[in-house]
Amino acid sequence: MELLVASAIGILTAGGLYLVLRLRTFPVILGVSLLTYAVNVFLFASGRLTVGAPPILHDGATSYADPVPQALVLTAIVISFGMTAVVVMISLGAFLGSNDDHVDDQAEETTGTSS
């Protein structure tokens with residue numbers, strides 16, 4: 001189980017890094033989202049993967065799942081959704097302003113030749 005989760009985290013991280021290094025805005029947004037999902041899975045797995053255990057310790061329970069990483073992941077999901085919405089709006093505004101979606105565009109120098 002741990003190998004599967006570790007492989008999933010590695011694949012999400014590798015795909016996210018590949019997309020972040022692209023020179024267009026939409027793949028960069030997808031890459032940041034994939035990196036966010038990789039961090040969320042990592043945080044969730046840090047609470048020890050326990051199958052069939054209750055999240056709260058009560059009488060008769062021999063093991064329990066740690067609820068703190070679950071709460072952290074839930075908070076991270078909400079924050080990443082808001083951050084993704086802001087980045088999409090900023091990139092949409094940049095695209096509509098310049099009709100180009102390259103990430104590393106250099107500002108064109110407007111040198112006027114006045115006679």
Side-chain angles (χ1 to χ4, degrees):
M1 182 72 165
E2 288 85 7
L3 180 65
L4 180 66
V5 172
S7 299
I9 292 170
I11 290 170
L12 285 172
T13 303
L17 285 176
Y18 173 75
L19 289 173
V20 164
L21 294 175
R22 304 287 296 191
L23 295 178
R24 302 279 184 182
T25 54
F26 187 67
V28 169
I29 293 169
L30 288 179
V32 169
S33 295
L34 282 179
L35 286 173
T36 304
Y37 295 143
V39 169
N40 287 344
V41 172
F42 175 73
L43 283 175
F44 190 69
S46 70
R48 283 182 271 139
L49 299 173
T50 308
V51 178
I56 299 173
L57 189 61
H58 58 79
D59 294 336
T62 57
S63 65
Y64 67 98
D66 191 12
V68 174
Q70 296 174 11
L72 287 175
V73 168
L74 184 62
T75 305
I77 289 170
V78 171
I79 291 171
S80 68
F81 179 73
M83 187 182 86
T84 303
V86 168
V87 169
V88 165
M89 293 308 295
I90 290 172
S91 64
L92 183 63
F95 173 72
L96 293 175
S98 66
N99 290 333
D100 192 16
D101 67 340
H102 276 87
V103 174
D104 64 343
D105 276 345
Q106 298 292 328
E108 294 180 13
E109 294 182 22
T110 55
T111 56
T113 56
S114 59
S115 306

Ignoring hydrogens and angles, write down the donor-acceptor pairs under 3.5 Å from the side chains of residues 29-38, residues two or more places apart or on other chains.
| unit_1 | atom_1 | unit_2 | atom_2 | d |
| --- | --- | --- | --- | --- |
| Ser33 | OG | Ile29 | O | 3.1 |
| Thr36 | OG1 | Val32 | O | 2.8 |

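Under the 4.5 angstrom side-chain criterion for Ile, Leu, Val, Met, Phe, Trp and Tyr, the cluster partners of Val86 are Ile90. Other members of the cluster containing Val68 are Leu72, with ILVMFWY side chains joined at under 4.5 Å, either directly or via other members. Other members of the hydrophobic cluster containing Leu96, listed by chain and number, are Leu92, Phe95; membership follows side-chain contacts under 4.5 Å among ILVMFWY residues, whether direct or relayed. Summarising the hydrophobic clusters (Ile, Leu, Val, Met, Phe, Trp, Tyr; side-chain heavy atoms under 4.5 Å, direct or chained), the residues clustered with Phe44 are Val39, Leu43, Val73, Ile77.
For residues 4-20, the set of pairs meeting the side-chain hydrogen bond (donor to acceptor under 3.5 Å, both in side chains) definition, not counting sequence neighbours, comprises Tyr18-Arg22.
Scanning all heavy atoms of the two residues, the minimum distance from Leu19 to Pro27 falls at CB-O, 3.2 Å.
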